[in-house]
Amino acid sequence: MAEAPLLEVKNLQVQFKTADGVVNAVNNVSFSVNRGETLGIVGESGSGKSVTSLSIMRLIPSPPGKIAGGQILFDGDNLVDFSESEMRKIRGNRISMIFQDPMTSLNPVLRIGRQMTESLQLHMGMTPKQARNRAIDLLSMVGIPAPDKRLDDFPHQFSGGMRQRVMIAMGLACNPELLIADEPTTALDVTIQAQILELLNRLKNETGTAIIFITHDLGVVAGMTDRVIVMYAGRVVEQASTNELFRNPRMPYTIGLLDSIPRLDGIQTRLTPIPGLPPDLLEKTNRCPFAPRCDFVQEQCWIETPSLRQVAPDHTAACLFDIDRDQRQVMAEKKIAEEEAALDAALEDVLAHEQAS
Amino acid sequence: MIGFIIRRVLAMIPVLFLVALITFFLMKQAKGGPFDQEKEVAPSTIALLNRKFGLDKPAWLNTAEFNNRMSADGPFAAVRGLFDSQFGNYMLNAVQGDLGPTYASKGTETVQDKIKQTFPISLRLGLISLTFALVVGFPLGILGALRQNTIFDYFSLIISTIGFSVPTFVTGLVLLLVMSKVFGVAPIKDPSVWEGFSMSYFPPAIILGLGTMAYITRLTRSSVLEVKRQDYIRTAKAKGLGDRVVILRHILRNSLIPVITILGPAVAGLVTGSFIIESVFRVPGIGSEFIGAIGSRDYSMIMGSTLFFSLLVALGNIMVDLSYGLIDPRIRNS
Ligand SMILES: Nc1ncnc2c1ncn2[C@@H]1O[C@H](COP(=O)(O)OP(=O)(O)O)[C@@H](O)[C@H]1O
Ligand code: SF4
Ligand SMILES: [Mg+2]
């Protein structure tokens with residue numbers, strides 16, 4: 001029997017009360033993270049990735065949000081039952097978080113040094129002097145030149161990439177057991193993105209921290225994560241090791257996501273973003289949430305919500321049918337052929353008209 | 001920093017000149033003169049008085065003197081002659097710090113003496129008033145925002161709405177009535193009461209500061225609410241900081257920034273508000289002096305105090321801009 005996971009989320013439900021009704025932002029989400037493991041959470045914007053991660057930190061804005069059900073077991077303790085003061089001992093200490101937008105995530109009126117040392121003094125009981133030395137070490141660890149000088153600068157004196165490095169340094173300050181990185185590169189230029197990913201990869205190996213790496217870009221998780229969960233409309237729709245997921249995606253949504261990544265090997269000839277929009281989280285339905293956009297949709301999909309089921313060893317997917325990528329290829333080719341036939345027919349029609357008149 | 005101050009001080013010069021120009025023009029448009037009396041005064045007396053105060057000269061430009069001196073003393077003296085007018089002479093003296101004799105005193109007292117004598121009273125009134133507005137308005141706004149939609153919030157909303165919408169002469173008169181009818185406090189007649197800090201300043205100061213206090217309350221409330229939902233506040237919470245630290249270290253300073261911007265206009269509001277409040281409460285400050293001067297067409301007093309008020313507001317704005325930089329490093333460094 002393997003060691004108990006560091007984090008185990010079980011049937012998490014998160015709701016927001018809004019003027020239009022109750023938004024079910026996270027539905028019955030379950031996953032786990034082992035010590036030292038990197039888990040990727042992938043899904044398009046609005047699929048509930050941030051809400052899930054903020055729930056773990058118990059930082060859901062409340063009201064309007066609330067954890068309506070489920071458990072968040074961290075090292076055996078259920079964080080859902082923790083008091084605010086118990087949570088404060090966890091936040092920034094045993095679990096820390098890096099946010100999407102480094103431009104707005106640092107306090108503009110406080111020096112970087114002050115913002116870095118506050119958690120060190122709070123959680124590790126360091127004196128200001130010790131905390132400052134530790135902050136210098138952390139900044140050089142994330143590759144910021146002249147760290148002792150930069151500590152006295154304000155956030156606006158740093159570029160976006162540098163600010164994200166500062167955020168990462170802050171996140172790692174108290175040697176957390178779990179680091180949650182919520183789209184840490186989304187707001188950055190492509191070249192800077194690559195540098196930040198490289199940095200995270202290196203730090204992951206150096207520190208052994210478990211990481212939840214959130215992104216809307218499957219391409220980014222490839223070199224980064226051990227396991228991936230795919231979220232859609234507040235649900236986990238597929239879960240597998242990164243290798244398995246890339247090799248053998250089984251949920252049509254994941255297949256669509258993978259096919260929309262531009263491939264370097266040139267096998268793919270057409271970039272295929274998934275058409276359509278994710279469903280309204282206000283309505284409670286009992287159909288497959290992906291049905292309106294699914295290429296494989298069948299009648300049963302409109303009357304039954306698929307739950308996660310085992311499709312291969314250590315691989316679960318939420319689809320009623322056994323679908324794989326080859327079928328997608330076949331379907332796509334069929335679709336293209338149909339479209340072309342329709343186009344030809346239309347053209348012939350026009351030509352016939354012209355000849356007649 | 002020094003460069004900024006020098007630039008701002010220099011920029012005040014054209015502003016003050018323009019204020020003088022407009023005030024002088026408006027005074028000239030008003031009917032009547034400083035020596036109009038109920039009963040007839042001998043025309044010779046009026047002529048004498050006009051001579052004494054330079055009112056026999058043309059208002060703006062003395063072209064006659066220009067032509068005279070042009071032929072007699074050459075162009076340099078001629079230009080001086082051109083400005084040997086009411087406005088020209090006034091400005092020349094004002095630049096040297098002489099704002100001229102007050103008409104009311106028939107020339108025995110200068111305007112600057114009068115300002116020196118009355119301004120400290122108004123300054124005390126204004127400072128108490130501003131302190132009141134800040135010390136009450138800021139916490140009330142913060143409390144309202146942190147306890148959004150609770151009884152605190154509604155209390156702060158009611159207070160600020162009253163302070164904001166009811167004019168000071170109404171609140172002032174009501175307070176006066178309440179003080180005299182309910183508490184039997186007699187109106188103050190003894191001018192020596194106002195010489196140092198005394199409790200007598202508080203009723204007028206609070207009434208004067210009510211509007212500003214209300215404005216600061218509302219602004220602080222919305223500013224704190226805005227800052228509360230910023231990403232960096234979420235970052236601070238994610239570090240495990242307690243509410244107190246998050247509020248004191250991360251929220252307050254950021255929410256001060258918009259509040260500081262309105263302190264400039266607030267100071268101006270206190271200045272103009274003091275005209276009415278000083279009259280209502282019979283405070284012998286520069287505000288009531290100014291109102292008196294308007295009634296008696298005391299030209300030099302009107303000009304002098306208008307310029308002084310403008311200077312005050314301009315200096316207030318410079319100070320506000322400086323404190324802005326103290327709080328917001330983004331401005332300091334640019
Ligand atoms: N403060 C909020 N109020 C109401 N609804 C919210 C709020 N925050 C998130 N949601 C809802 O939760 C859903 C998931 O949001 P989020 O977790 O931020 O998505 P992601 O991070 O995957 O892009 C959104 O579609 C939104 O409807
Ligand atoms: S259940 Fe039906 S609609 Fe849903 S993903 Fe599978 S095939 Fe598509
Ligand atoms: Mg998000």
Side-chain angles (χ1 to χ4, degrees), chain A residues 50 53-54 56-63 84-112 114-124 152-157 163 166-167 170-171 173-174 176 179-182 187, chain B residues 1 138 142 144-153 219-220 223-261 263 320-334:
Chain A
S50 298
S53 54
L54 286 171
I56 298 169
M57 296 289 273
R58 289 269 312 278
L59 283 176
I60 295 288
S62 162
E84 189 49 32
S85 68
E86 285 173 311
M87 259 336 279
R88 283 205 290 269
K89 294 199 185 84
I90 303 261
R91 289 184 198 133
N93 186 21
R94 300 183 63 194
I95 307 179
S96 59
M97 191 158 174
I98 302 167
F99 298 98
Q100 178 168 347
D101 191 348
M103 303 313 269
T104 57
S105 295
L106 289 164
N107 190 331
V109 305
L110 294 181
R111 292 175 203 282
I112 293 299
R114 187 81 199 87
Q115 301 191 52
M116 289 193 66
T117 51
E118 54 185 359
S119 56
L120 291 166
Q121 288 176 247
L122 176 70
H123 296 301
M124 309 192 55
D152 296 322
D153 282 346
F154 289 95
H156 71 273
Q157 292 162 299
R163 284 191 217 191
V166 172
M167 288 295 293
M170 267 168 41
C174 302
L179 176 73
I180 304 174
D182 187 359
Chain B
M1 191 62 142
F138 201 53
I142 293 166
L146 294 180
R147 306 247 185 286
Q148 207 186 344
N149 301 327
T150 63
I151 191 109
F152 278 116
D153 194 16
L219 201 69
T220 307
S223 168
V224 170
L225 286 179
E226 173 71 22
V227 171
K228 247 173 80 177
R229 52 183 187 77
Q230 293 298 311
D231 287 349
Y232 55 81
I233 297 304
R234 192 181 54 191
T235 307
K237 287 185 184 157
K239 286 180 201 167
L241 300 175
D243 283 348
R244 258 171 49 110
V245 178
V246 171
I247 292 168
L248 293 176
R249 193 180 297 158
H250 290 272
I251 294 182
L252 285 196
R253 216 162 130 199
N254 280 290
S255 42
L256 257 177
I257 294 170
V259 178
I260 295 239
T261 11
L263 281 187
V320 165
D321 285 353
L322 286 177
S323 55
Y324 222 170
L326 277 184
I327 292 209
D328 192 342
R330 286 165 294 188
I331 291 173
R332 198 184 320 157
N333 290 22
S334 62

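Residue numbers begin at 1 in each chain, while the letters A, B, ... track the order of the sequences.
- Across A:Ser105, A:Pro155, A:Cys174, the residue that shares the most heavy-atom pairs under 4.5 angstrom with chain B is A:Ser105.
- With a 4.5 Å cut-off on non-hydrogen atoms, A:Leu106 touches chain B through its backbone but not through its side chain.
- Your options are A:Ser85, A:Pro108, A:Gly171, A:Pro61, and the one with the most heavy-atom pairs under 4.5 Å with chain B is A:Pro108.
- Here the NZ-CE distance, from B:Lys239 to A:Met170, works out to 4.0 Å after rounding to the nearest 0.5 Å.
- The line from CG of B:Asp243 to CD of A:Glu84 is 6.5 Å long, rounded to the nearest 0.5 Å.
- Atom CG of A:Asn107 is separated from atom CZ of B:Arg253 by 8.5 Å, given to the nearest 0.5 angstrom.
- In this structure, chain B has no heavy atom under 4.5 Å from any part of A:Arg58.
- A distance of 11.0 Å separates NZ in B:Lys237 from CG in A:Leu54, rounded to the nearest 0.5 Å.
- In terms of heavy-atom pairs under 4.5 Å with chain A, the best-connected choice from B:Asp231, B:Val245, B:Val227 is B:Asp231.
- Contacts between A:Met103 and chain B at a heavy-atom distance below 4.5 Å are absent for every atom of the residue.
- Only the backbone of B:Ile327 comes within contact range of chain A, with at least one heavy atom under 4.5 Å from a heavy atom of that chain.
- With rounding to the nearest 0.5 Å, the separation of OG1 in B:Thr235 from CG in A:Leu59 is 10.0 Å.
- With a 4.5 angstrom heavy-atom cutoff, B:Arg249 touches chain A via backbone and side-chain atoms both.
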